[in-house]
Protein chains: 2
Amino acid sequence: MEIELQIKMNEKLFLRNPEQSELGKKIIMHSIRLIHKNGFEAFTFKKLAEEVGTTEAGVYRYFENKHRLLIYIAAWYWAWLEYQVMYQTNNIHDPVVKLKMIIKLLATTVKEGVQTSYVDANLLHQIIITEGSKTYLTKRVSEDNNDKLFKPYKDLCAHIAQVILEYNPNYRYPKSLASTIIEMAHFQNFFKDHLPSLTDFGDKKDESDTVAFLEDMLFRVLNCHEN
Amino acid sequence: MEIELQIKMNEKLFLRNPEQSELGKKIIMHSIRLIHKNGFEAFTFKKLAEEVGTTEAGVYRYFENKHRLLIYIAAWYWAWLEYQVMYQTNNIHDPVVKLKMIIKLLATTVKEGVQTSYVDANLLHQIIITEGSKTYLTKRVSEDNNDKLFKPYKDLCAHIAQVILEYNPNYRYPKSLASTIIEMAHFQNFFKDHLPSLTDFGDKKDESDTVAFLEDMLFRVLNCHEN
DNA sequence: TCTATATTGATAGTAATACTATCTTTTATA
DNA sequence: TATAAAAGATAGTATTACTATCAATATAGA
């Protein structure tokens, strides 16, 4: 049995739905590869078109501009991650186990569960670490937010906040703690690889220290009595 | 008595030292104003030159490109902030008081202590919230890091980690906790203003909720027994 | 199967951006 | 007052970020 995951994306994220054509899928696939390779700043629709084997105009038919495309793939990532969280924590009743699973999913590179044909979830995870916050750190946040472009991110955050409250219903900052965990799952990994003196992690290659730090922090916060 | 604060900047941050000429100071001053107004993406040396009353070439004599300029003002900010921390926590022996002061300095808009002639610390603080992480979230991090461009940031982080250890010498992740506090002081404020559902803060205008959240988190982590 | 429609390809063009180069004038300084 | 350093003025280039147009092709419905 082969199951393919289809994520329904907000219409405002694109001009033409890239999931509904070969060209569209190639655009997404090569965007991820190119952004991963050269970074978002060096990424242009011209280079993308070359890789894909179409023209600049061809890409512009799908996405207004490269920032929108970045928001698209980020939204896809967050929706996909929330699905992973749902899937992996389904039938688990102990919120401790759930929260540990969530941290693991946030902070570690994925060992593919349900396959998605044209998106490389590992590359995407790496991209979101470096480029993810650029989606909203702009002068246009509020407009983009009104268009619900960040809904998948906010949904995931709300979901995690829920589990936090399940574990400790009296904790006063579940959403802020959730967004902290999400962001730090990325930032601490980035720091580990590129600015290690901002962390306490040696030069270990994997993300186990990041996971340990986040778990330690989360459960200290949730177990500790008010100060 | 008028004291002016001079921050000694790494030579690699600029081509010509902007602190040593009127034009240079104007470039910094108007950069801050323009980036604050339009955001870093829309900021160009041409527009800057117009504001300053010089030419594009004039600006290029001081800074290689706009990214370097951003790193410069960010470095200035972090150096300035570490000075503020030093100054405000001097002669305080209780690490609790010190840590609370640090959080306050990180998260709240400044009420000028020692004046700096041409840098508007309030605008700068706002800029760093939105644009600060863009200084290092690039493909060039490692090179820039080798050039010591992020030293002020790392120094501040190390300083805070020190105070954390003063309070709890057994805590295992002082640097990661410090960088978490620094980043979240900015992100939670940004979220509060632009993506409020990622926080637990109402629509209060000031930063008191952010401060409360960070203090609560920090001291729970440091007071709590190992899990 | 024919035909209307949507999609893609190919090409061209424009305004703005991110620079580099050069030459002249002004300013500081010894 | 001579000299060097800084700033001003101007020009030019390659790339980026688009928009527009028209022909070719695929597809889907009648």
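Residue numbering restarts at 1 for every chain, and letters A, B, ... go by the order of the sequence lines. Predicted model only: the values in this text are computed from it and were never measured.
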Undergrad: Please give me the minimum heavy-atom distance between A:S21 and A:G24, naming the atom from each residue.
TA: OG-N, 2.9 Å
Undergrad: In residues 13-22 of chain B, which residues come under 4.0 Å of DNA chain D by heavy atom?
TA: B:R16, B:S21
Undergrad: Between the protein and nucleotides 24-30 of chain C, are there any N/O to N/O pairs under 3.5 Å, and if so, what are the atom names and distances?
TA:
none

Undergrad: Go through residues 50-65 of chain A and report each residue with a non-hydrogen atom lying under 4.0 Å from DNA chain D, sorted by number.
TA: A:E56, A:A57, A:Y60, A:R61, A:E64, A:N65
Undergrad: With sequence neighbours excluded, tell me which residues meet salt bridge (charged side-chain N to carboxylate O under 4.0 Å, His left out) with B:K204.
TA: B:D209
Undergrad: Closest heavy-atom contact between B:L13 and B:A75?
TA: CD1-CB, 3.9 Å
Undergrad: Go through the structure and list residues passing side-chain contact (heavy atoms from CB on, under 4.5 Å) with A:T55, not counting sequence neighbours.
TA: A:A57
Undergrad: Name all pairs fulfilling the salt bridge (Lys or Arg N to Asp or Glu O under 4.0 Å) condition that reach into residues 177-193 of chain A, sequence neighbours left out, sorted by first residue then second.
TA: none
Undergrad: Any side-chain hydrogen bond (donor to acceptor under 3.5 Å, both in side chains) involving residues 44-54 of chain A? Give me the pairs, sequence neighbours left out, ordered by first then second residue.
TA: none
Undergrad: Taking salt bridge (charged side-chain N to carboxylate O under 4.0 Å, His left out) as the test, write out the residues that go with A:K151, two or more places apart.
TA: A:D155
Undergrad: Whole Å only: how far is the NZ atom of B:K66 from the P atom of C:dC19?
TA: 9 Å
Undergrad: Given atom NZ of A:K25 and atom C1' of C:dT7, what is their separation to the nearest angstrom?
TA: 15 Å
Undergrad: Does one side chain, of B:E41 or A:T138, offer a donor that lies under 3.5 Å from an acceptor on the other?
TA: no
Undergrad: Run the salt bridge (charged side-chain N to carboxylate O under 4.0 Å, His left out) test against A:E143 and tell me which residues pass, sequence neighbours left out.
TA: A:R140
Undergrad: Identify, residue by residue, the members of residues 28-47 of chain A with a heavy atom below 4.0 Å from DNA chain D, and return them in order of residue number, or none.
TA: A:T44, A:K47
Undergrad: Can you tell me which residue pairs pass the side-chain hydrogen bond (donor to acceptor under 3.5 Å, both in side chains) test with a partner in residues 65-74 of chain A, sequence neighbours excluded?
TA: A:E19-A:Y72, A:R68-A:D144
Undergrad: Side chains of A:E207 and A:T108: do they bring a donor and an acceptor to under 3.5 Å?
TA: no
Undergrad: Taking NZ from A:K26 and P from C:dT7, how many angstroms apart are they, rounded to a whole number?
TA: 17 Å
Undergrad: For the pair made of CG in B:L48 and P in D:dG8, what is the distance, rounded to whole Å?
TA: 13 Å
Undergrad: Tell me which donor-acceptor pairs under 3.5 Å the side chains of residues 27-38 of chain A have, and how far apart each pair is, sequence neighbours excluded?
TA:
residue	atom	partner	partner atom	Å
A:H30	ND1	A:K26	O	3.0
A:S31	OG	A:I27	O	2.6

Undergrad: Which of parallel (below 30°), tilted (30 to 60°) and perpendicular (above 60°) describes A:F43 and A:F45?
TA: perpendicular
